[in-house]
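Here's the structure, in C-alpha cells; my notes come after.
When reading the values below, keep in mind they use all heavy atoms of this one structure, side chains included, and skip hydrogens, waters and symmetry mates. Below, read A as the first sequence line, B as the second, and so on, with proteins coming before strands; counting in each chain starts at 1.
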Number of protein chains: 2
Amino acid sequence: MPETRDDWEERLKEYLSANDLRLTRQRHLIAEAFFETDGHPNIDELYLRVRRRAPHIGQATVYRTLRLLVDSGLAASSRFGGAATRYEASDEDSHHDHMICTECGSITEFNNEAIERLQEEVARKHGFAMHSHKMELYGLCRKCSEREPGSPEPPKEAR
Amino acid sequence: MPETRDDWEERLKEYLSANDLRLTRQRHLIAEAFFETDGHPNIDELYLRVRRRAPHIGQATVYRTLRLLVDSGLAASSRFGGAATRYEASDEDSHHDHMICTECGSITEFNNEAIERLQEEVARKHGFAMHSHKMELYGLCRKCSEREPGSPEPPKEAR
DNA sequence: CTGCATGCAAAAAATTTGCATGAGG
DNA sequence: CCTCATGCAAATTTTTTGCATGCAG
C-alpha cells in the first residue's frame with residue numbers, strides 16, 4: 001500500500017517521465033514543500049513556504065505544479081466554503097472526507113466505509129461511472145459548539 | 001411540508017421583515033427569476049435572465065440578492081469543479097446531492113436516506129454539530145460513459 | 001541542441017465594495 | 001422622511017496566460 005506522503009518522489013518521477021514532462025528544481029521543491037506540510041494548505045501558503053527556500057520562484061509555477069500534482073493523482077483539491085482552493089496529499093488507499101467548522105474554520109478528516117459503499121451503489125444505479133467524490137459536513141466543531149451551547153442564532157455568515 | 005419553489009414569495013417576505021430588510025422591486029424580480037429557473041443557474045445566467053425584464057439592473061444586485069436568499073435558507077450554493085458558484089432552490093424537506101459529469105458537465109441530483117443517516121452518525125461521533133452537508137460524485141454520466149466505453153485514459157483535464 | 005518550464009507581469013474571471021442617488025415602509 | 005438598497009464603476013481576490021529566457025534531458 002503506497003503511502004503518498006513517503007512515496008511521492010518516486011511517484012512523481014514516474015508520472016513525469018510517463019508524460020514526457022521534466023523534473024525541474026522548482027517542481028521538486030514545490031512538491032517537497034507540499035508533502036511536508038500537514039493539513040490543507042492553499043496556494044498562498046505553499047508559495048510563501050517555497051519562497052523561503054527559493055526566493056525568486058513564481059506564484060504561477062506553484063499553481064502550475066499543484067495542478068500537475070492533482071492531475072497525477074498525488075494531490076487532491078477542495079474548496080471549502082467560499083475560500084481559495086486547498087490541497088492535500090491524496091492517498092488512494094484511504095480516501096477521507098471533511099468536516100468544516102463554520103465558526104473557526106478548522107477542518108477535521110474522517111472516513112466511513114459504509115458511506116463509500118453506498119455512494120458507489122447510488123452511482124451504479126444511475127449508470128454513472130464515478131471516479132471520485134467529495135463530501136463535506138458543515139457545522140460547529142466540538143470546541144465551538146461547547147463554547148456557544150444553545151446558539152440562539154448561528155452567525156449569519158461565516159466567511 | 002413547505003415546497004420552496006411554490007412558497008418562496010411568502011417565505012421571502014417573512015425573512016425580510018424579520019430582519020428589517022426591504023422587499024424591493026429588484027429583489028422580487030431576481031427571486032422570481034431564480035425560482036422559475038430549473039437546474040443550477042450561476043450568477044451570470046440569472047443576471048442575463050433578469051436583465052431581459054429589467055435592463056438597467058446591476059450585476060452586484062444579483063450577487064447581493066442571491067447571498068440574501070442563501071442566508072435566508074431559500075437557496076443553496078455550490079461550486080462544482082472549478083467553475084463559478086451555482087445556486088438552487090433549497091427545499092429543506094428533501095435534501096439532495098449531486099453527480100457531476102466531468103465530460104459534459106451535466107448535473108444529476110439524487111438523495112439517499114441511508115447516507116444522510118450515516119453522515120449524522122459520523123458527525124455525532126466526532127462531537128460535531130452538523131448543520132448542513134454537501135456531497136458530490138464526479139465521473140461520467142450514462143451518456144458519456146456509453147460514448148467512450150473503455151476510455152483508456154480519461155481526459156486529463158475537464159475544465 | 002530542442003522544446004518544455006519558468007518568471008514576470010498583464011489578463012481574466014468571479015466577486016465585493018464605495019459612494020452618490022433612489023425608493024420602500 | 002430616513003434609511004436601506006441600487007447602479008455603476010472601481011477594487012479585490014484568485015487563477016490563468018503570453019512571452020522571452022532558462023534549463024532538463
Side-chain angles (χ1 to χ4, degrees), chain A residues 9 12-33 40-48 50-51 53-72 75 77-87 156-159, chain B residues 9 12-33 40-48 50-51 53-72 75 77-87 156-159:
Chain A
E9 205 156 353
L12 178 56
K13 280 179 194 164
E14 272 171 35
Y15 177 79
L16 291 174
S17 64
N19 290 75
D20 287 304
L21 300 172
R22 292 167 187 176
L23 177 56
T24 60
R25 193 163 33 80
Q26 293 81 329
R27 282 178 177 164
H28 193 273
L29 273 166
I30 294 169
E32 188 171 59
H40 302 74
N42 59 29
I43 293 289
D44 235 48
E45 288 161 5
L46 289 169
Y47 177 51
L48 291 174
V50 173
R51 255 200 160 188
R53 299 193 174 198
H56 55 81
I57 210 160
Q59 198 177 28
T61 303
V62 182
Y63 272 103
R64 287 187 276 230
T65 301
L66 265 291
R67 170 175 302 185
L68 185 152
L69 291 177
V70 170
D71 286 349
S72 75
S77 66
S78 317
R79 312 171 94 183
F80 303 121
T85 304
R86 290 184 170 279
Y87 298 85
K156 207 180 211 160
E157 213 159 347
R159 305 191 320 113
Chain B
E9 205 155 355
L12 178 56
K13 280 179 192 163
E14 271 171 35
Y15 178 79
L16 291 174
S17 63
N19 290 73
D20 288 306
L21 300 172
R22 291 167 186 173
L23 177 56
T24 61
R25 195 164 28 81
Q26 292 81 328
R27 282 178 177 164
H28 193 274
L29 273 167
I30 293 168
E32 188 171 60
H40 302 74
N42 60 27
I43 293 289
D44 236 49
E45 289 161 4
L46 289 169
Y47 177 51
L48 291 175
V50 173
R51 254 198 160 190
R53 298 192 174 199
H56 55 83
I57 209 161
Q59 198 179 27
T61 303
V62 181
Y63 273 103
R64 288 187 276 232
T65 301
L66 264 291
R67 169 174 303 186
L68 184 152
L69 291 178
V70 170
D71 286 349
S72 76
S77 65
S78 318
R79 312 170 91 183
F80 303 121
T85 304
R86 291 186 169 277
Y87 298 85
K156 207 178 211 161
E157 215 161 345
R159 307 190 321 113

If I take atom CG in residue L16(A) and atom P in nucleotide dG3(C), what distance separates them, rounded to the nearest angstrom?
20 Å

Separation of dA5(C) C1' from H56(A) NE2 (nearest whole Å)
14 Å

Does Q26(B) make a side-chain N or O approach to OP1 or OP2 of dG7(D) shorter than 4.0 Å?
yes

Between Q59(B) and D44(B), is the side chain to side chain contact (heavy atoms under 4.5 Å, CB included) condition met? List the steps.
CA-CA 8 Å; Q59(B) 198 179 27; D44(B) 236 49; 3.3 Å; yes

What's the CZ-P distance between F80(A) and dT14(D), to the nearest Å?
16 Å

Measure distances between side-chain N and O atoms of R22(B) and base N and O atoms of dT3(D), and say whether any donor-acceptor pair falls under 3.5 Å.
yes

So, OP1 or OP2 of dT16(D): does either fall under 4.0 Å of a side-chain N or O from R67(A)?
yes

T61(B) vs dG7(D): side-chain N/O to OP1/OP2 distance below 4.0 Å:
yes

D20(A) CG to dC23(D) C1', in whole Å, measures 17 Å

Could you state the interatomic distance from OG1 (T85(B)) to CZ (R79(A)), rounded to the nearest 0.5 Å?
7.5 Å

With a 4.0 Å cut-off on heavy atoms, is R64(B) in touch with a base, just the backbone sugar-phosphate, or nothing at all?
base

Can you see if the side chain of Y63(B) gets near the phosphate of dT16(C) - specifically, an N or O under 4.0 Å from OP1 or OP2?
no

By nearest heavy atom, map A84(B) and I57(A) onto DNA chain C; which one lands nearer the 5' end?
I57(A)

May I have the distance from H28(A) (atom NE2) to dA24(D) (atom C1'), rounded to whole angstrom?
14 Å

Heavy-atom closest pair, residues L16(A) and R22(A):
CD1-O, 3.8 Å

With the side chain defined as heavy atoms from C-beta on, A60(A) is closest, among dT6(C), dC8(C), dT15(D), to dC8(C)

Using a cut-off of strictly less than 4.0 Å, decide whether R25(B) has a side-chain nitrogen or oxygen near OP1 or OP2 of dT6(D).
no

Would you mind telling me which of dT6(D), dT15(C), dA5(C) lies closest to the side-chain atoms of T85(B)?
dT15(C)

Residue pair R51(B) / Y47(B), side-chain donor-acceptor N/O under 3.5 Å:
yes

Rounded distance in Å - OH (Y47(B)) to P (dG7(D)):
9 Å

R79(A) CZ to dT14(D) C1', straight-line distance once rounded to whole Å
8 Å

Using atom types as modelled and distance alone, determine if a side-chain donor or acceptor of S17(B) lies under 3.5 Å from a backbone N or O of E14(B).
yes

Taking the side chain of I43(B) as its heavy atoms from C-beta onward, which of dT6(D), dT15(C), dG7(C) lies nearest to it?
dT15(C)

Please give, in whole Å, the distance from dC4(C) C1' to Y15(A) OH?
14 Å

